[in-house]
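Scroll down for the structure; my scribbles are underneath it.
Naming: A, B, ... by sequence-line order, numbering from 1 per chain.
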There are 2 protein chains.
Amino acid sequence: MEGDSIHKYKRGVINNFVSVDCVIFGFDFNRLNVLLVDRVLIDESTGEEIVNDLTLTGNHIYENEDLDEAAARILFDLTGLEDIYLKQFKAFGSPTRISREKDKIWLKASGRNPEDRIVTVGYYSLLDIDQVTLQWKGRDVRWTPVAEVTDLGFDHVDILNEALKELRKDLIREPIGFELLPEKFTLSHLQRVYEVILGVNLDKRNFRKKVARMKYLRQLDEKQVGVAHKPARLYTFDKDTYEATRRELLDFAI
Amino acid sequence: MEGDSIHKYKRGVINNFVSVDCVIFGFDFNRLNVLLVDRVLIDESTGEEIVNDLTLTGNHIYENEDLDEAAARILFDLTGLEDIYLKQFKAFGSPTRISREKDKIWLKASGRNPEDRIVTVGYYSLLDIDQVTLQWKGRDVRWTPVAEVTDLGFDHVDILNEALKELRKDLIREPIGFELLPEKFTLSHLQRVYEVILGVNLDKRNFRKKVARMKYLRQLDEKQVGVAHKPARLYTFDKDTYEATRRELLDFAI
DNA sequence: GCAAAAGTGTTCGAGCTACACCCATGC
DNA sequence: GCATGGGTGTAGCTCGAACACTTTTGC
C-alpha cells in the first residue's frame, strides 16, 4: 500500500507555508464519526508525557502538487482508499491559529518553527467506515464520534465544526448521503444517515416516497441476508441516471 | 479615504506565499458585472505595450492579518466601502497557476519571482454598483459585464467562474440578492437580480407571492419618485426579522 | 411464537405553475 | 393620450406532514 502510494502520488519539495487538513467522516448507523490521530510526545529523559491528545489528519503540500491532490494523498495514506468523496470547504489563515503552548512544543519537536505562519485548506471526506486501515505515519488512528470531540490539537476543533456545517448544508442539497454507506445499502440505513447528521427524526413512509422520486437511487434485485428480521431490499446510487435527470435549477428560496 | 484605510487595516510584513483575490460583483438592472483592473506594462525604451489586459483585484496577505481581513482590506482599498457582503468561496493552489509568459513578465516587473508558488484564496463580494470609487493603486478600474469576460490575467478566469458558480448556488439558498441593490429597492429590481444571475424568466405574480411570505423583506411607506410610470413601492431587508424567523432546516432533497 | 425491522396508503394543507388585465405616473 | 412599468387573483397539481398496521425473517 505504501509502495503504491509513493508511486501514485507526487512527493517533492515541501511547501512550508500551506497545508491541507482532512476531516474524514464515517458512519456507524448510530453516530457520525471522525478519523483522528493520536498526538503523543514523551520527554526522553523523564519519560513524562508532554503532549497527549488528538488531531485531524493534515500535511504540508508539496511544491509540485495541487491542493486537491494533496488532500487525496493524505486520504490515501491514511485509508488506502481512492476515488472517495472529498470536498474542499474552507481555508483557515488566522495569524494566531497556532498559539497554544502544546502546539508549539509539538511543532518544535517535529523540527518546525512554531512561529511560521501556515495557512491550511480544509477538506472533508465521506467514506464507508468499514474500509479503513487505522495507521498513519506510525501514529494511532481512531474513529471518534463527532459528538464526543471536545478538544483537538491546533485549531482543529474549529476546522471540524466548519466541516460539519458544510456537510449539513451539502447533505440537504445534494445526493451524497450514501457516500457514507457501502455500495449497496438499505433505505433504513440511508434514512439513518440523514437523521443522525441533521439531528432530526424522519417519517419512514415519507422518506421512502421521496426516494421513489429520485430515479438515481436504484432498487436492486437483492436483499439483506442473515438478519434477524424481514430482510430489506438493497439500493444503489446510479451516477449516470443522476447526471441525466438532475435539474440544474431546482426551486429557489430568495 | 486612503488615510482611513492605512489606520483601519493592518499593514505589516507581506506573506509571499498566500494571497487573496476578490471577485466583486455589481448589478446594473440588465447585467451582472465584475470589477476588473487594467494591467498595463510598457517597455521603457521602445514604448511598446508588453502587457495590456485585465485582472481581478488581489493582494498578498500580511503576516498579522487573517484571510477575511485581507479580503475586506482589498475591498475597502478598491471601493471605500465597508460592511459589504463578502464570502470566501475557494482556495486555488495549482502549481501551474502562473505559467503564461505575460504573467511572468508582469510579476518580474513588479519585483516578484514568477517561479514562486502562490496559493490564493478567493472571495466574492456583492455590492451596489453606484457606490464605487474606480481607482486602485494608480491602476484603472472598470465594471465589465460578466458575460463579456473572455480572458483575464493569471488564472483569474477560473476564479471568476468558480465565484459565479458559488454565487448562483448561494443565491438560490440564501437571501442575498438585495446585497446587489441600494438599501431601498423595488420588487422588480429584486426580480431582475434573480433573472439575470440565474438566467431564467420568473413570473411577476408568483415572485411577489413568494416575497410576501418572506417576512424579512419589509414593505416601506415609500415609493419611487421621478419615474415615468406608476411608481413602485420600496422594500428593504430586515435583518432582525430574518434572524428571528429563519428556519434552520428547510426541506431536504436527498 | 416472538422479537425485530421491512414495507405500505390516505388525508390535508402549503406552495408551485400558468395565465391577463387595469393602474398611476411623466412627457 | 400614450408609453412605461406597477400591481393584482384563481385553478390545478405536486409535495410535505401526520399517522398505524401487516409481513418476513432468525432464533
Grab the N/O contacts between the protein and nucleotides 2-5 of chain D below 3.5 Å, and write none if there aren't any.
from  : atom 1 : to     : atom 2 : distance (Å)
D/dT4 : O2     : B/A228 : O      : 3.4

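- Salt-bridge check for A/R97 with A/D155: passed, with a basic side-chain N closer than 4.0 Å to an acidic carboxylate O.
- The residue B/R233 sits close only to the backbone: its heavy atoms come under 4.0 Å of sugar-phosphate atoms, none of a base.
- Whole-Å rounding puts the A/D203 CG to C/dC12 C1' distance at 15 Å.
- Rounded to 10 degrees, the angle separating the terminal axes of the helix from C/dG1-D/dC27 to C/dC27-D/dG1 is 10°, with each axis obtained from five end pairs.
- Residue B/L187 contributes atom CG, which lies 13 Å from atom C1' of D/dT8 at whole-angstrom precision.
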Identify all side-chain donor-acceptor contacts of residues 221-228 of chain B below 3.5 Å with residues at least two apart in sequence or on another chain.
from   : atom 1 : to     : atom 2 : distance (Å)
B/E222 : OE1    : B/K184 : NZ     : 3.3
B/E222 : OE2    : B/K184 : NZ     : 2.7
B/Q224 : OE1    : B/A232 : N      : 3.0

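- A donor-acceptor contact under 3.5 Å links the side chain of B/R205 to the base of C/dA20.
- Distance, A/F207 CZ to C/dG7 P: 12 Å, rounded to whole Å.
- In this structure, CG of A/L190 is placed 18 Å from P of C/dA5, rounded to the nearest angstrom.
- Under the rule for a ring pair (Phe, Tyr, Trp, His ring centres under 6.0 Å), the partners of B/F178 that lie at least two apart in sequence or sit in another chain are B/F237.
- Taking the ring centre of B/Y85 as origin, the terminal cationic atom of B/K87 falls outside the region bounded by 6.0 Å and 45° from the ring axis.
- Proximity of a side-chain donor or acceptor of B/D28 to a complementary backbone N or O of B/N30 within less than 3.5 Å is detected.
- B/R208 places its CZ atom 17 Å from the C1' atom of C/dA18, with the value rounded to the nearest Å.
- To the nearest angstrom, P of D/dT23 lies 14 Å from NZ of A/K223.
- In this structure, the ring pair (Phe, Tyr, Trp, His ring centres under 6.0 Å) partners of A/F27, at least two apart in sequence or on a different chain, are A/F29.
- A donor-acceptor pair shorter than 3.5 Å can be found between the side chains of A/D68 and A/Y123.
- In this structure, a donor-acceptor pair under 3.5 Å is present between the side chains of B/Y124 and B/D170.
- A cation-pi arrangement is not found for B/R192 relative to B/F185, the charged atom failing to lie both closer than 6.0 Å to the ring centre and inside a 45° cone about the ring normal.
- Counting only N and O atoms by type, the side chains of A/D66 and B/S94 include no donor and acceptor under 3.5 Å apart.
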Anything under 3.5 Å between a protein N or O and an N or O of nucleotides 14-17 of chain C, put it in a table, one pair a line.
from   : atom 1 : to     : atom 2 : distance (Å)
C/dC16 : OP2    : B/R213 : NH1    : 2.8
C/dC16 : OP2    : B/R213 : NH2    : 2.8
C/dT17 : O4     : B/K209 : NZ     : 3.3

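- Nucleotide D/dT14 holds its P atom 15 Å from the CE atom of A/M214, rounded to whole Å.
- Residues A/R218 and A/D238 are paired through a salt bridge, judged by an N-O separation under 4.0 Å between the basic side chain and the carboxylate.
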